[in-house]
Amino acid sequence: MRHSAASPILPVDLKEFASDVEYYLTLEPRQLPSRYLYDALGSALFDAICELPWYRITHAELGLLATHAPAILAHAAPPSGLSRIVELGPGNGTKLLTLIEAGRQGPRRLARDLHLHLIDVSPKALDQAAQALAVLDEVEVVKHQTTYESGLGEIAPSGVRTLMLFLGSNIGNFDPPDAEAFLRSMRAALEPGDSLLLGVDLIKPEADLLLAYDDPLGVTAAFNRNLLVRINRELGGNFDLQAFGHAAVWNRDESRVEMHLVSRRRQRVQVASAQVEIELDEGDTIWTESSYKYDVDGLSTLLERAGFRPIERWLAAEARFALTLARVD
């Protein structure tokens, strides 16, 4: 989930940020919540990661959307045409734009009064997406600057056929119980006949996974260490960036890639606003992110447990990425 440093509730965010840093740094193992990776610089670095040849999620998903948009809309739209699309975490709007433009190349499946609802906490992301989608005719864009959970409440069932999008393998940011709970919250915002299009990164060879999260150019390492830059700047921390390396680990038993910051020496770190002081030995780690990967059967089971019925799947075989369309019965 992306968060913007331009948020109008920054003072409240800083208090929560400090509280989270105090709590998570004193856990065993030490952790930091991944949502704080996405300040302005972190978001820019993540955009750069999406362009790397080793991180194949973004381009694989765009390719699937461009190729299969007519089929996706044919499954999701009623005879009168689909009239509402809701996207959680629209990014810069490119994926939704691709779906609509490619979908319009086939039989008309979109209503003339199409409404696009975009949900994100970042005003910058919402503005970028709305600007990208402004090129479309006969479309109204509604921005919801809020959390996913609150946004789902704002677009609760309205009697209008809806396609919901949750792309980019963002479901992988949730551990399995939270992923099911979040899917259930999406299900609660939909009515029978509505659909969910879910983008999910699949399990692949360990070497490919590690390259995606520890690239040769060091962009992902910079993205990870920028969290320490943010803590130093916003919370009065004294992290020495040179004293921390970046590590990506494939946890096969949990089916997740983990990102860690690794202490290169014995050191003591203080974060003034969080009122926390920790000691680290060489090799000690701070766990900053998990990205869960799925197999096809496990993904279907997850959707079914949350109240969805998978009806179609499109695979990018080489990149091992899947788009799955599921329906509410």
Side-chain angles (χ1 to χ4, degrees), residues 1-46 48-49 121-122 124 147-149 170 172-178 210 213-215 217-251 253-254 256-292:
M1 301 181 193
R2 299 191 180 188
H3 292 246
S4 170
S7 170
I9 57 172
L10 185 58
V12 176
D13 285 348
L14 281 177
K15 184 177 180 180
E16 183 180 358
F17 188 12
S19 177
D20 283 345
V21 167
E22 178 185 13
Y23 174 75
Y24 283 96
L25 278 183
T26 55
L27 293 179
E28 182 59 43
R30 290 188 177 90
Q31 303 170 42
L32 287 168
S34 61
R35 63 181 174 274
Y36 295 118
L37 290 162
Y38 297 96
D39 64 351
L41 178 55
S43 294
L45 287 167
F46 183 76
I49 289 169
V121 296
S122 169
K124 181 179 179 182
T147 63
Y148 291 160
E149 292 79 6
N170 285 327
N173 294 331
F174 298 84
D175 63 26
D178 287 342
L210 295 183
Y213 291 85
D214 191 8
D215 61 274
L217 292 180
V219 182
T220 312
F223 171 67
N224 200 13
R225 281 199 291 265
N226 179 60
L227 178 52
L228 303 183
V229 175
R230 182 178 187 184
I231 292 173
N232 287 351
R233 182 182 66 246
E234 299 183 16
L235 300 180
N238 67 346
F239 283 97
D240 177 1
L241 264 66
Q242 301 304 315
F244 287 90
H246 164 76
V249 178
W250 171 237
N251 187 328
D253 291 340
E254 300 294 336
R256 69 188 179 213
V257 178
E258 301 171 2
M259 289 203 323
H260 295 263
L261 292 162
V262 184
S263 178
R264 290 173 169 160
R265 57 174 171 79
R266 183 173 178 81
Q267 56 182 306
R268 177 176 295 176
V269 177
Q270 296 174 318
V271 183
S273 294
Q275 299 181 327
V276 65
E277 180 176 325
I278 60 172
E279 291 189 358
L280 297 164
D281 288 325
E282 181 179 356
D284 284 352
T285 69
I286 301 173
W287 182 6
T288 56
E289 186 177 50
S290 294
S291 183
Y292 287 83

Q. Which heavy-atom pair separates Q270 from N238 by the least distance, and what is that distance?
A. N-OD1, 2.7 Å

Q. Can you name the one residue among L227, I286, V229, L261 that meets side-chain contact (heavy atoms from CB on, under 4.5 Å) with F239?
A. I286

(Q) For the OH atom of Y36 and the CG atom of D13, what is their distance to the nearest 0.5 Å? (A) 7.0 Å

Q: Drop me the distance from R225's CZ to H246's NE2, to the nearest 0.5 angstrom.
A: 8.5 Å

Q) Where do R230 and Y38 come nearest, in terms of heavy atoms and distance? A) NH1-C, 4.1 Å

Q) Taking all non-hydrogen atoms of both residues, which atom of M259 and which atom of T220 are closest, and how far apart? A) SD-CG2, 3.7 Å

Q | Minimal non-hydrogen separation, A243 against Q267, with atom names | A | O-NE2, 3.3 Å

Q) Which heavy atom in L235 sits nearest to a heavy atom in L14, and how many Å separate them? A) CD2-O, 4.0 Å

(Q) For a quick test of reading the model, state the closest non-hydrogen atom pair linking Q31 to L27 and the distance between them. (A) NE2-CD1, 3.9 Å

Q) In Å, rounded to the nearest 0.5 Å, how long is the span from CG of L25 to CD1 of I231? A) 6.0 Å

Q | Name of the residue among V262, L228, T285 meeting side-chain contact (heavy atoms from CB on, under 4.5 Å) with F244 | A | L228

Q: Flag yes if more than 12 heavy atoms outside E279 fall under 6.0 Å of its CD atom; otherwise flag no.
A: yes

Q) Between atom CG of L37 and atom CZ of F223, what is the distance when rounded to the nearest 0.5 Å? A) 4.5 Å

Q. Does atom CD of E277 have more than 12 heavy-atom neighbours, drawn from other residues, nucleotides or ligands, at distances under 6.0 Å?
A. yes

Q | Side-chain donor/acceptor of D284 to backbone N/O of D281, under 3.5 Å | A | yes

(Q) Would the distance check show the side chain of N224 and the main-chain N or O of H260 forming a donor-acceptor pair, the cut-off being under 3.5 Å? (A) yes

Q: Drop me the distance from R35's CZ to E289's CD, to the nearest 0.5 angstrom.
A: 12.5 Å

Q: Can you measure from CG (D240) to CZ (R268) and round to the nearest 0.5 angstrom?
A: 15.5 Å

